[in-house]
Amino acid sequence: MSSFPANGLPNGGDPQSQNIPPMGMTGEQFRDAATSVVNDIERYYTTLPSRPVVPSVSPGYIQKLLPTEPPAKGEAWQDIENDIERTIMPGITHWQSPKFMAFFPASSTYPGILGEMWSAALTAPAFNWICSPAVTELETVVLDWLAQILGLPEAFLSKGEGGGVIQGSASEAIVTVMVAARERFIRRQLEREGITDAEEIEDRSCELRGKLVALGSDQAHSSTKKAAIIAGTRFRSLTTSRSDNYALTGAQLRTKLEDLTSRGLHPYYLTVTLGTTNTCAIDDIASLASVARDYPDLWIHCDGAYAGAALVLPEYHQSLSNHLTHVDSFDVNMHKWLLTNFDASCLYIQKRRDLTDALSITPAYLQNHFSDSGLVTDYRDWQIPLGRRFRALKIWFVIRTWGVEGLRQHIRRHLHFGDIFAGLVRERSDLFSILVPPRFALTVLTVNPRRKQRTVLDEQAEGGDPRPYEAQHVPVMAETDDEELREANEITKEVYTAIDERKEFFLTASVIGEAYAIRVVSANPLAEEKYIREIFGQLVEAAEDALNKRGR
């Protein structure tokens, strides 16, 4: 027999005992609380430069600050809000700080925050059009806007067979298109073999999946390998070389494809990258596409998560955007370099049916005459999850706030900062070497194992580079024997560690080829030139200290 009385509350509890309104606050209380939160957020951004960019807490710190059991009764909002500074801020890495120059940026802006507020207020899973027509239709419009701003080929616009959809991250986009690529390959192969019996289709599909291979270069983001694990297929990496500035080329792809097919395997998917994580290398999309013409079942996805934002500049359209006619899908994270709060990963596809054929399942409870008519888009069929947030709002707010010219000015500003930093590094060629040509505001440097005579680089290379703001020189770091490389790696790591231990600036290091290198990229909305010069000064100081200790 149930222990719950007629009022539905355990132990006959009084539903009004705490007098908590249905929404947790009255309207007036919400206005006061929201005003306080907005004031705190504004104060947070105003004081960001004075906060240590990296936290100094130890693992488990929050467990020591919070009770081991949840509160039995509700607490006053002011007490809850006070715990943001006391409990949360000590464990926050401040990605919006102008002293954050690690990884790639994660944008946050006031229009983006306001978009998030409205999205939360209007909370709707929005898995199909009827759930909230505005959620679907605004997403279609703003992604078409962005496609035009980036100069994407018309095949990616919704007026044709393609279109765009907002995903949570570039990694999620890769999983999504890889599943679509897998199913497209299997569907085509079954058609070629003339298999129509349902049981035979299932058996043959399982056989084929065991022979499918997804590809990506050794510089491609690890999400490609992870996606292959999720998709249940093999993954093979293609080795890039320093002589190609770590870009993947058609010749490398052809060699790998011929090797795989000779062993009875089926390459079905390839990630090409516009701006790799390590060095912002740009894979040779044109030559890769030329090779892929001999393998028409190979799905090519272009990962432009960070550097794809630079396509807002018209001067990149001819050299980069136009090459995207050769790829099946393309993704850019507006939440990295385009002023939109996480998450806003914009995935474009040339043939949306490739997605819907792989991902569309419609049980009775999702059926409605609007969807059945084919006159509306149901974005649930373009992604892995069913539900989705109203992320188009913040994109709409951002594009309308900055306009196309404002977005271009934003990107140019950071490219200029990148030029300044790279120039400072070149001026101290006695201390530093640039590993690969700087690109998209990213400079990758190493510390010389011993002081060298300063040199002046010739910036007037013959011929024009269609990609503006990128260095024209060949990699500065000379080829070295193993012993010198080992020494360079040791001292570069020592310098990086010295900067990292100060916790004033946040940089990241990586191993590229066999070289330990320091990455510096200042591209969040609050970036300033003075901080570029400040971090360079700290790098110089740390490098000189390290060399002096070695008597060099």
Side-chain angles (χ1 to χ4, degrees), residues 100-107 150 170-171 216-224 238 240-249 271-285 288 301-313 315-316 319-321 323-324 330-338 345 410-423 425-426 432-446 465-477 507-513 515-524 527 532:
F100 182 97
M101 302 179 186
F103 305 113
F104 286 126
S107 292
L150 298 175
S171 301
S217 82
D218 56 3
Q219 299 299 309
H221 193 270
S222 59
S223 55
T224 296
L238 291 83
T240 58
S241 68
R242 185 168 162 193
S243 61
D244 296 315
N245 290 323
Y246 300 104
L248 182 64
T249 67
T271 291
V272 301
T273 309
L274 196 165
T276 59
T277 301
N278 270 335
T279 66
C280 269
I282 304 171
D283 289 339
D284 188 353
I285 297 175
L288 293 166
H301 173 71
C302 180
D303 177 8
Y306 166 69
L311 300 184
V312 302
L313 301 181
E315 50 267 45
Y316 282 110
S319 60
L320 294 177
S321 297
H323 290 311
L324 298 178
F330 167 76
D331 184 78
V332 59
N333 287 346
M334 287 194 74
H335 59 248
K336 276 192 167 69
W337 203 9
L338 278 180
S345 188
H410 164 73
I411 297 296
R412 291 188 200 280
R413 177 169 170 264
H414 291 135
L415 293 176
H416 177 60
F417 290 162
D419 283 348
I420 290 173
F421 184 81
V425 174
R426 294 187 192 106
F432 306 112
S433 295
I434 295 178
L435 186 64
V436 293
R439 286 196 176 108
F440 304 117
L442 171 68
T443 301
V444 183
L445 60 94
T446 62
D465 188 338
R467 300 186 299 263
Y469 303 105
E470 298 181 20
Q472 303 288 314
H473 64 283
V474 297
V476 180
M477 187 175 180
L507 310 179
T508 44
S510 188
V511 176
I512 304 163
Y516 187 97
I518 300 171
R519 300 170 68 262
V520 180
V521 54
S522 180
N524 68 34
I532 290 287

Under 3.5 Å, side chain of [X] to main-chain N/O of [Y], donor-acceptor pair present?
{"X": "T508", "Y": "F103", "answer": "yes"}
{"X": "H410", "Y": "W337", "answer": "yes"}
{"X": "S321", "Y": "L150", "answer": "yes"}
{"X": "R413", "Y": "A527", "answer": "yes"}
{"X": "H301", "Y": "V272", "answer": "no"}

Atom [atom1] of [X] and atom [atom2] of [Y]: how far apart are they, to the nearest 0.5 Å?
{"X": "N245", "Y": "T276", "atom1": "CG", "atom2": "OG1", "answer": "10.0 Å"}
{"X": "R412", "Y": "F417", "atom1": "CZ", "atom2": "CZ", "answer": "14.5 Å"}
{"X": "S433", "Y": "L445", "atom1": "OG", "atom2": "CG", "answer": "9.0 Å"}
{"X": "T277", "Y": "I512", "atom1": "OG1", "atom2": "CD1", "answer": "10.5 Å"}
{"X": "L415", "Y": "L442", "atom1": "CG", "atom2": "CG", "answer": "11.5 Å"}
{"X": "L248", "Y": "D218", "atom1": "CG", "atom2": "CG", "answer": "8.5 Å"}

Report yes if the side chains of [X] and [Y] come closer than 4.5 Å at any heavy-atom pair, otherwise no.
{"X": "H335", "Y": "S107", "value": "no"}
{"X": "L324", "Y": "C302", "value": "yes"}
{"X": "L507", "Y": "R519", "value": "no"}
{"X": "L320", "Y": "I282", "value": "yes"}
{"X": "T446", "Y": "F432", "value": "no"}
{"X": "I518", "Y": "T443", "value": "no"}

(message) Testing the 3.5 Å rule here: is there a donor-acceptor pair between the side chains of S345 and N333?
(response)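 Yes - a donor-acceptor pair under 3.5 Å links their side chains.
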(message) Can you confirm whether or not the ring centre of F440 sits under 6.0 Å from the ring centre of F104?
(response)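 Between F440 and F104, the centre distance exceeds or equals 6.0 Å.
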Which atom of [X] lies closest to which atom of [Y], heavy atoms considered:
{"X": "A523", "Y": "Y306", "answer": "CB-OH, 3.8 Å"}
{"X": "Y516", "Y": "A509", "answer": "OH-CB, 3.4 Å"}
{"X": "A307", "Y": "G275", "answer": "CB-CA, 3.8 Å"}
{"X": "I285", "Y": "H323", "answer": "CG2-O, 3.7 Å"}
{"X": "L338", "Y": "A309", "answer": "CG-CB, 3.6 Å"}
{"X": "I532", "Y": "S522", "answer": "CD1-CB, 3.4 Å"}

(request) Start with the C-alpha gap between D244 and D284, add the side-chain angles, then the distance that decides, and say whether side chain to side chain contact (heavy atoms under 4.5 Å, CB included) holds. (result) CA-CA 10 Å; D244 296 315; D284 188 353; over 6 Å; no
(message) Checking side chain to side chain donor-acceptor pair (under 3.5 Å) between Q219 and each of T273, T279, N278, which is the one that passes?
(response)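 Going through the options one by one, the only one that passes is N278.
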(request) Evaluate the side chain to side chain contact (heavy atoms under 4.5 Å, CB included) criterion for residues R242 and L435: first the C-alpha distance (whole Å), next the side-chain angles of each, then the deciding distance (0.1 Å), finally the verdict. (result) CA-CA 9 Å; R242 185 168 162 193; L435 186 64; 4.2 Å; yes
